Colleague: 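The following block contains the structure, expressed as structure tokens.
Computed from a prediction, not measured in an experiment: that's the story for all the values here. Order of listing sets the numbers, starting from 1, for every ligand and every atom in it.
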Amino acid sequence: MSPESSSFARDVREALSRPEHKQLPCQYFYDDVGTALFQAIALLPEYGLTRADMRVIRRLAPELPACLPAPAAVVELGSGDGSKTRRILEELARRQPLTYCPIDLSASALAHCARELSAVAEVRPIEASYLDGLRHAVCQRRGGQPLLVLFLGGTIGNFDRTAACDFLRGVRACLLPGDALLLGTDLVKPVHRMLLAYDDPAGVTAAFNLNLLARINRELDGDFVLRQFAHEARWNAHHRRVEMHLRSLVAQTAFIRAADLECEFREDETIWTESCHKFDAGEVRQMAVEADFACAAQWIDETWPFAESLLLA
Ligand code: AVI
């Protein structure tokens, strides 16, 4: 088994054996099928997040150079599809040549990103987890020149709130005064709107969620019967998050051979697959202060409330 498959097997085994609530880690959504399904989600009329982020970035990109010391390198946590980042790089590259370091665990996402953006900046892909990759990028800093870190698209919402604050502190610990982080966060909106975004009538998000079981079947020799699970999106008002679950429609047992796991489900038991936390703009500024950043600017999309916040180290 490859090292990736064995850590997938280990994580699946641990998460599905939890006595309190079975879970699956959301980072495993993004195999090739899951990535394609997420791209389709981003086009859905019910899912406004990606388009809102794009609108905000179009608005902030020309203003950005005036808000921070000229960065010599832009480091992106997650490699994105290139279109949002291009806007930012083009504006910054007017001042001086730029190095762009996308960080991702997926070699194919990094290769795509390098193809898209090598005309705008010198691309140095880093295949690693976010913080390991950031530490690596920081070591390559030239002559004390400032860095701009991008964490776009609202991915921080997929961390628990405590983990999100710890993560911001971890990013801050890698940076020096004069460096900056541009952070995207999806904001709270009416509940029916948020639920529709994660339970669209065409069933694309359902397919994205169920693909996690399909991926286990393909890669870990599992025997989940996908039709015996249903996609579910719930609003958790206490934690201000949309939770995605897979509900077992019958009492059943699934075998995952490569994880050496026999997994029993009661009827109506769910596997919790993802949390999508929603914020308000003031809360983001507060989180920034707690992580020892100063929030220098915030741009908000009013059509689909979404914020990009510029945090200075
Ligand atoms: C990647 N992340 C910001 C998306 C979100 O909205 O939390 C993932 C997603 N899950 C279902 N739809 C989209």
Side-chain angles (χ1 to χ4, degrees), residues 23-57 76-85 102-106 109 113 129-130 150-161 163-164 167-168 182-215 229-236 239-247 270-279 284 301 303-309:
Q23 293 188 7
L24 283 171
C26 66
Q27 85 244 29
Y28 292 114
F29 277 134
Y30 302 94
D31 66 346
D32 287 349
V33 178
T35 301
L37 287 166
F38 180 64
Q39 283 163 356
I41 288 174
L43 299 173
L44 293 170
E46 295 82 9
Y47 188 82
L49 190 157
T50 311
R51 285 184 300 279
D53 195 16
M54 191 65 221
R55 280 192 297 272
V56 174
I57 286 171
E76 183 164 18
L77 309 180
S79 56
D81 73 349
S83 53
K84 289 182 219 165
T85 315
I103 299 172
D104 209 290
L105 287 169
S106 155
C113 188
S129 66
Y130 295 150
L150 307 177
F151 196 24
L152 311 176
T155 303
I156 196 156
N158 298 129
F159 296 19
D160 277 350
R161 280 196 154 74
F167 182 75
L168 287 183
L182 186 65
L183 175 70
T185 45
D186 199 23
L187 302 182
V188 174
K189 42 192 81 58
V191 174
H192 71 273
R193 220 174 158 201
M194 290 188 286
L195 285 178
L196 210 52
Y198 292 90
D199 195 8
D200 61 279
V204 183
T205 312
F208 175 72
N209 200 5
L210 284 160
N211 178 57
L212 208 40
L213 301 185
R215 181 176 182 185
F229 287 86
H231 165 69
E232 200 172 283
R234 300 178 190 165
W235 172 244
N236 182 324
H239 292 286
R240 284 175 296 134
R241 65 188 180 209
V242 177
E243 295 174 359
M244 297 213 313
H245 292 258
L246 289 166
R247 173 178 298 284
T270 72
I271 311 173
W272 183 3
T273 50
E274 189 179 41
S275 295
C276 311
H277 292 81
K278 306 300 168 187
F279 301 87
V284 178
D301 189 70
T303 313
W304 177 277
F306 183 94
E308 282 292 347
S309 307

Colleague: Heavy-atom contacts with ligand 1 below 4.0 Å: which residues, ordered by chain and residue number?
Modeller: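 Within the 4.0 Å shell of ligand 1, which is judged on heavy atoms, sit Tyr30, Phe38, Ile41, Tyr47, Leu49, Gly153, Gly154, Thr155, Asn158, Tyr198, Phe208, Met244, Glu274, Cys276.
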Colleague: Look at the aromatic rings of Phe167 and Phe151 and report parallel, tilted or perpendicular, splitting at 30° and 60°.
Modeller: tilted
Colleague: Starting from the C-alpha separation in whole Å, work towards a yes-or-no answer on side chain to side chain contact (heavy atoms under 4.5 Å, CB included) for Val33 and Arg215.
Modeller: CA-CA 9 Å; Val33 178; Arg215 181 176 182 185; over 6 Å; no
Colleague: Among Thr270, Leu195, Val242, find the one that has a side chain to side chain contact (heavy atoms under 4.5 Å, CB included) with Arg234.
Modeller: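 Exactly one option meets the side chain to side chain contact (heavy atoms under 4.5 Å, CB included) with Arg234, and it is Thr270.
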Colleague: For residues Asn209 and Phe29, determine if any side-chain heavy atom of one lies less than 4.5 Å from a side-chain heavy atom of the other.
Modeller: yes
Colleague: Using the ring of each side chain (for Trp, its six-membered ring), is Phe38 parallel, tilted or perpendicular to Tyr47, with breaks at 30° and 60°?
Modeller: perpendicular
Colleague: Scan residues 36-57 for pairs that pass salt bridge (charged side-chain N to carboxylate O under 4.0 Å, His left out), counting only residues two or more places apart or in two chains.
Modeller: Asp53-Lys84, Arg55-Asp301
